[in-house]
Amino acid sequence: MELSRRLVLKYGLAGASVLLLAGTGLALQGTTPREPRQPLQALSSQEFSILWALADRMAPAHENFPAASTIEVPERIDSFLASVDPATRGEVKLLLKIVENALPGLILDGRVRPFSKCSPETQDAILEGWRTSSISARRTIFKALNNLVAATYYGSPETYAAVGYPGPPNYGNLK
Amino acid sequence: MTGAILTFRDITADVDVECDVCVIGSGAGGAVLAEGLVSRGLRVIMLEEGSHHTNADFDLQEGHAFPMLYQERGGRATADLAIAILQGRAVGGTTVINWTTCYRTPDRILEHWRSKHGIEGLDPQTLAPHFDAIEQRLNITEWPPEAMNANNRVLWDGCKKLGWEVTPLRRNVNGCANSGYCGLGCPVNGKQSMLVTYVPDAVQQGLTLYANTRADRLEYQDQKIVAVHATVRDPADDQPNGRKITVRPKVVAVCGGAINSPALLLRSDISEGGVGRRTWLHPVVAIIGFHEHDINGFYGAPQSVGSHQFIDRGPDKVGFFLETPPMQPMLSSLAFTGFGAARHQVISQLPRINTLIALSVDGLLPGDEGGTVSLRSDGRVSIDYPVGPALQESFRESSKVMAEIALAAGATRASSLHLQPIPLKTKQDIALLDAAPWGALEHPIFTAHQMGGCTMGVDPQTSVVDPTLRHHRYKNLFVVDGSVFPTALGVNPSETIYGLAHWATDTVASAI
Ligand SMILES: Cc1cc2nc3c(=O)[nH]c(=O)nc-3n(C[C@H](O)[C@H](O)[C@H](O)COP(=O)(O)OP(=O)(O)OC[C@H]3O[C@@H](n4cnc5c(N)ncnc54)[C@H](O)[C@@H]3O)c2cc1C
Ligand code: SF4
């Protein structure tokens, strides 16, 4: 697919193949399942569960901030993904599997568990590793998922109070 | 004769229609051109891939506005995701969500285009009456300094303290409520976007505008475009809903904006002259400052002052200019570093943070080739933009300047947005930015000004349209939007595009 071709072109066969093995679903253990609170429109239940784990570390409960899953960020991302180009949707699904999969985890981070089964501390360390990786393809992947979570989370009115944003005024323009 | 705006709901059967001019895109270039053509009595059909929204839909929630009004639901970016590409997609184009700053094309840019790209006939005197007309219709006037928000005041005060040039900006507004939400669709129709000016002016005089309708391909025979093939899209998922629109015009004006105009030509197998190449972005880097008092940068006209102190840094350096962005939380979060509790901690200070942006002027240095638009095998556009050493230097120097401004204006601390942000408490600390890494994926980079990709010029080998905006080969094809710029501008581009479209209207009309 397009993403694999791009990664190979940009980052060389070795770097790309490690990343892409994930797409073949070589997890050593299953993903911790999470129950969506509305019917899924774009993601499989496994992809949704991976996203849940990821979103709750990218935007965890902290002081006045709610956990991403508490305000249904995973469901909101799922319905957003239903509205984007199918090829883009496919790439996000692949990226979720890459993060979850234990095989690139083993090679790159020395872990054997799927992401969703790791402790919060380990999950944070894994994400920090991707965020600051010397392999720029991994920074790209981190950014894709982190931006998706951040945009959905901080764009949700439930987080405005913690940010200190009173929200938009009402100009009486809405239908 | 009054025209109409038809959406996917109204288009219930396939359409096959003849007309004088088919205008593709309803933004800055397309709307001004279409109004000029219908006012000359011509039959014009306009195609717009985005939806028709009005201020009754603008609830000022970022989570709604970006998917509704921006390209790729707000997610457009370069292929490596290093540069976030903000670009509009709606009836009215990017003007629906732009920040209202208006400048005439700088004389030095027109002179550069003349001397380096052979573009004769586009001089300040020729363009002046066209800018006059645009400025009158869009009420382009200086924003009163008393109304400036505290985020802009940081730029103003800092520059004044440092003895650097800074001026109030001119804005296309009439009855602006100073809300701060220009990027999310103006709630009170104060912004004089194309949605509330040239588009309705043109519809009133007979324009038929098909919204939710994407021009997929131009069909040509010999040296003429004979048809525009378009599909109607369901806005829920942007996929074709089965309805087809075929326009058989005497003249075609491609006004889809940079990135999408070259993509349309490439889909039509029209690539000569470097279609998609020389795409300019005015790449943006930001510096934030922390204050003891409230800034509330999410409120108040987002851009009301600017500085061109560093626009010309000599012949071998990339110049830059300084402005400010709106600071609602979602857009801010994409600029702030990190994730998890650390990001929460920074963003919880948002009311007391100021943001300065520097826009680097690409395309002026010899050998600067900018970015490239191409088509992916799955049909999507791909944008590649290498960030070379000259641009890295501009990022670094502009960030140093912005940190100095924030500190001079009273920030207790400024910060870079690197993967590991560099805190800057004193003027001496600013030197720390010299050792920091600059470039792709080292810190956020944004663009709100996409230009080029169908550049004008005299040589058909290296340019797509001639200096009258006519395609070198297809004599009834024009490109009238920001994609024709041979270089970036060094000022916000909308007024240049309005003015060029106004100026080009006679030529397009006479090609029928
Ligand atoms: C957030 C933001 C803030 C900005 N602020 C400012 C500012 O303050 N001042 C300023 O001068 N500039 C600003 N700009 C930039 C400015 O608005 C744009 O440069 C300008 O509108 C571009 O005009 P255009 O005609 O080239 O394209 P656009 O205005 O983008 O219009 C192109 C239209 O064509 C449509 N289209 C594209 N392809 C097709 C197709 N194949 N079929 C049908 N329709 C198609 C698109 O959906 C779009 O609606 C800003 C931009 C952004 C994103
Ligand atoms: S700042 Fe003015 S022009 Fe911009 S959205 Fe608010 S009211 Fe409209």
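The chains referred to below are lettered A, B, ... by the order of the sequence lines, with proteins before strands, and numbering in each begins at 1.
- Taking CD from B/Glu442 and OG1 from A/Thr132, the interatomic distance works out to 11.0 Å, rounded to the nearest 0.5 Å.
- Residues A/Arg131 and B/Leu419 meet the side-chain proximity criterion, which asks for heavy atoms closer than 4.5 Å.
- For A/Asn64, no part lies near chain B; criterion is any non-hydrogen pair under 4.5 Å.
- Proximity to chain B involves both the backbone and the side chain of A/Thr88, based on heavy atoms less than 4.5 angstrom apart.
- Both the backbone and the side chain of B/Ser179 come within contact range of chain A, with heavy atoms under 4.5 Å apart.
- No side-chain donor-acceptor contact under 3.5 Å links B/Gln328 and A/Tyr160.
- None of A/Leu127, A/Leu145, A/Leu54 except one satisfies the side chain to side chain contact (heavy atoms under 4.5 Å, CB included) rule with B/Phe339; the exception is A/Leu127.
- A distance of 6.0 Å separates CG of A/Leu174 from CG of B/Asp59, quoted to the nearest 0.5 Å.
- Your options are B/Met327, B/Glu62, B/Arg343, B/Gln61, and the one with the most heavy-atom pairs under 4.5 Å with chain A is B/Arg343.
- Shown here for A/Gly164 and B/Pro351, the closest heavy-atom pair between the two residues is O-CG, 3.3 Å.
- Minimum interatomic distance between B/Asp80 and A/Thr140 (heavy atoms only, all atoms of both residues): O-OG1, 2.9 Å.
- Looking at B/Tyr181 and A/Pro169, their side chains come closer than 4.5 Å, going by heavy atoms from C-beta outward.
- Pairing each heavy atom of B/Leu441 with each of A/Ser136, the nearest pair is CD1-O, 3.8 Å.
- Per-residue counts of heavy-atom pairs under 4.5 Å with chain B were compared for A/Pro168, A/Gly172, A/Ala59; the largest is that of A/Pro168.
- Of the atoms belonging to A/Ala82, it is backbone heavy atoms, and not side-chain ones, that fall under 4.5 Å from chain B.
- Taking the six-membered ring where tryptophan is involved, the planes of B/His344 and A/His62 are essentially parallel, since the angle between them stays under 30° and well short of 60°.
- The part of B/Ala82 that comes within reach of chain A is its backbone (N, CA, C, O), which places non-hydrogen atoms under 4.5 angstrom from that chain.
- Contact annotation for A/Leu148: neither backbone nor side-chain heavy atoms come within less than 4.5 Å of a heavy atom of chain B.
- Side-chain atoms of B/Ser333 and A/Tyr153, non-hydrogen and from C-beta on, never get closer than 4.5 Å to each other.
- With a threshold of 4.5 angstrom between heavy atoms, A/Glu128 approaches chain B through its backbone and through its side chain.
- Between B/Leu81 and A/Arg139, every side-chain heavy-atom pair lies at or beyond the 4.5 Å cut-off.
- For a residue to count as touching a neighbouring chain, one of its non-hydrogen atoms must lie under 4.5 Å from one of that chain's; by this rule B/Asn296 does not touch chain A.
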* Hey, mind stepping through B/Arg73 and A/Asp85 against side-chain contact (heavy atoms from CB on, under 4.5 Å) and telling me if it holds? -> CA-CA 9 Å; B/Arg73 307 275 182 209; A/Asp85 191 285; over 6 Å; no

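- One N or O on the side chain of A/Asn173 and one on the backbone of B/Asn55 form a donor-acceptor pair closer than 3.5 Å.
- Of the two parts of B/Ala341, the backbone and the side chain both hold a non-hydrogen atom closer than 4.5 Å to a non-hydrogen atom of chain A.
- Heavy-atom distances place no part of B/Phe336 under 4.5 Å from chain A, backbone and side chain included.
- Other residues, nucleotides and ligands place more than 12 heavy atoms under 6.0 Å from the CZ atom of A/Arg37.
- Across all non-hydrogen atoms, the minimal contact from A/Tyr154 to B/Pro329 is O-CB, 3.9 Å.
- For the atom pair CZ of A/Phe80 and CZ of B/Phe66, the computed distance is 11.5 Å after rounding to the nearest 0.5 Å.
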* To do: Starting from the C-alpha separation in whole Å, work towards a yes-or-no answer on side-chain contact (heavy atoms from CB on, under 4.5 Å) for A/Phe65 and B/Ile347.
  => CA-CA 11 Å; A/Phe65 286 94; B/Ile347 205 166; 3.9 Å; yes

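- Considering all non-hydrogen atoms of both residues, B/Arg380 and A/Ala87 come closest at NE-CB, 3.3 Å.
- Between the B/Ser348 side chain and the A/Val163 main chain, no donor and acceptor come within less than 3.5 Å of each other.
- Residues B/Asp57 and A/Lys175 have side chains in contact (heavy-atom distance under 4.5 Å, counting atoms from C-beta outward).
- Heavy-atom neighbours of B/Glu292 CD from other residues, nucleotides or ligands within 6.0 Å: at or below the threshold of 12.
- Within the 4.5 angstrom heavy-atom criterion, only side-chain atoms of B/Gln239, from C-beta onward, approach chain A.
- Both the backbone and the side chain of A/Ala151 come within less than 4.5 Å of a heavy atom in chain B.
- Centroid-to-centroid, the aromatic rings of B/Phe58 and A/Tyr171 stay 6.0 Å apart or farther.
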